[in-house]
Each structure stands twice: as C-alpha cells, then as structure tokens.
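The chain is numbered in sequence order, starting from 1.
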Amino acid sequence: QVQLVESGGGLVQPGGSLRLSCEVSGFSLDYFAIGWFRQAPGKEREGVSCISTSSTDSKTYYKDSVKGRFTVSRDDAANTVYLQMNNLESEDTAVYYCAASRTTWYFCPSPIEERDFRSWGQGTQVTVSS
C-alpha cells in the first residue's frame with residue numbers, strides 16, 4: 001500500500017526554521033519524484049518544491065517566493081524526502097503536503113502541477129506567527 005506521511009510542522013516565529021519530512025512506504029523513492037505543495041486558508045493548493053529521482057540527477061523546482069529560503073533533499077535509503085524551510089514568513093503559513101509523481105521520468109518542471117502527482121499525504125500544519 002502506497003503511503004506518504006508528512007511530519008515536522010508547527011508554530012514558528014517569523015524568521016525561524018522548520019524541517020518537514022515526507023516518509024514514503026509501499027514504493028521506492030528510486031523511481032518517483034516527490035513534490036511539496038501547500039494550501040493556505042481560503043486559497044488553492046500550490047506547488048512549492050519538487051525533487052526528481054537520483055537517476056535523473058535529483059533535479060529540483062522551487063516556487064519563486066521560496067527560492068533561497070527552502071531546500072528540498074532526499075534520502076533514498078531512508079525513503080524520506082525533506083523540505084528545509086528557513087527565514088519563514090507569515091505568508092508561508094499553510095498545510096503542507098507531499099505527493100509522489102504519477103510517472104517515473106518526472107523532471108520537476110516549472111511550475112509543477114497537481115495533476116502530475118498521486119498518493120498524497122495527510123498534510124502537516126505550518127504556522128508562522130509572532
């Protein structure tokens with residue numbers, strides 16, 4: 001059974017940091033890209049970041065507003081993808097989701113699209129507030 005579980009969310013002050021984890025089971029990270037999405041209250045879900053497979057050179061994508069602040073990485077041995085979020089802003093407040101690509105050869109285009117992903121996690125809440 002394919003399963004993705006996000007963790008690491010919480011309440012942090014502006015300028016603070018969090019590291020989100022996406023632990024996958026039921027399939028190997030060797031074959032699928034992982035995307036990070038977020039949904040703020042009253043807004044549509046948007047793609048934040050993505051990392052392709054190691055065999056495709058772990059290509060990455062970042063939404064413009066998070067470039068330079070967020071870093072995505074993968075640990076295939078641990079079947080886990082991370083999203084390091086630094087210098088957080090109030091606008092980063094949202095529920096963050098990870099999802100696996102529908103296809104193996106997914107190179108994380110700009111921007112990433114929800115329709116290209118499947119098997120979503122349950123989400124983890126990130127709140128940036130003083």
Apply side chain to side chain contact (heavy atoms under 4.5 Å, CB included) to Y82 and T71, showing your working.
CA-CA 8 Å; Y82 303 98; T71 303; over 6 Å; no

Would you compute the distance between atom CD1 of I34 and atom SG of C98 and round it to the nearest 0.5 angstrom?
6.0 Å

Using modelled atom types only, decide if a donor and an acceptor are shared between the side chain of T80 and the backbone of A78 within a distance under 3.5 Å.
yes

For residues V66 and W36, determine if any side-chain heavy atom of one lies less than 4.5 Å from a side-chain heavy atom of the other.
no

First locate atom CG of D116, then atom OG of S101, and finally report the distance between them rounded to the nearest 0.5 Å.
8.5 Å

Test of understanding: with side chain to side chain contact (heavy atoms under 4.5 Å, CB included), list the residues that count as partners of T103, not counting sequence neighbours.
Y106

Least distance between heavy atoms, T56 atom then K59 atom:
O-CG, 3.4 Å

Interatomic distance, OG1@T53 vs CG@D30, rounded to 0.5 Å, equals 8.0 Å

Enter the distance from F107:CZ to C50:SG here, rounded to the nearest 0.5 Å.
11.5 Å

In Å, rounded to the nearest 0.5 Å, how long is the span from CZ of F27 to CD of Q3?
10.5 Å

In this structure, which one of L20, L83, L18 forms a side-chain contact (heavy atoms from CB on, under 4.5 Å) with T124?
L20

Can you name the nearest heavy-atom pair linking S52 to A33, along with the distance?
CA-CB, 3.7 Å

Does the side chain to side chain contact (heavy atoms under 4.5 Å, CB included) test come out yes or no for K63 and R38, once each step is laid out?
CA-CA 11 Å; K63 180 180 171 61; R38 67 186 181 188; 4.2 Å; yes

Counting N and O atoms only, with roles assigned by atom type, does the side chain of Q122 sit under 3.5 Å from a partner on the main chain of E6, one being a donor and the other an acceptor?
yes

Interatomic distance, OG1@T127 vs CG@L11, rounded to 0.5 Å, equals 6.0 Å

Go through it in stages, so that I can follow the logic: the residues are E89 and N87, the test is side chain to side chain donor-acceptor pair (under 3.5 Å), and I'd like the CA-CA distance, side-chain angles, deciding distance and then a yes or no.
CA-CA 7 Å; E89 305 170 352; N87 195 21; 5.0 Å; no

Under 3.5 Å, is there a donor-acceptor pair between the side chain of S21 and the main chain of S7?
no

Is the number of heavy atoms from other residues, nucleotides or ligands under 6.0 Å of E114 CD greater than 12?
yes

Smallest heavy-atom separation, Q125 atom then V95 atom, equals OE1-CG2, 3.2 Å

Measure centre to centre between the rings of W120 and F37, then say whether the value is under 6.0 Å.
yes

Nearest heavy-atom contact between V72 and I51 is CG2-CG2, 3.8 Å

Is there a donor-acceptor contact under 3.5 Å from the side chain of D75 to the main chain of A77?
yes

Is R102 close enough and on-axis enough to F32, meaning under 6.0 Å and within 45°, for cation-pi?
no

Residue pair S129 / P14: nearest heavy atoms and the distance that separates them
C-CD, 3.6 Å

Do you know the tightest heavy-atom contact between C22 and L4?
SG-CD2, 3.7 Å

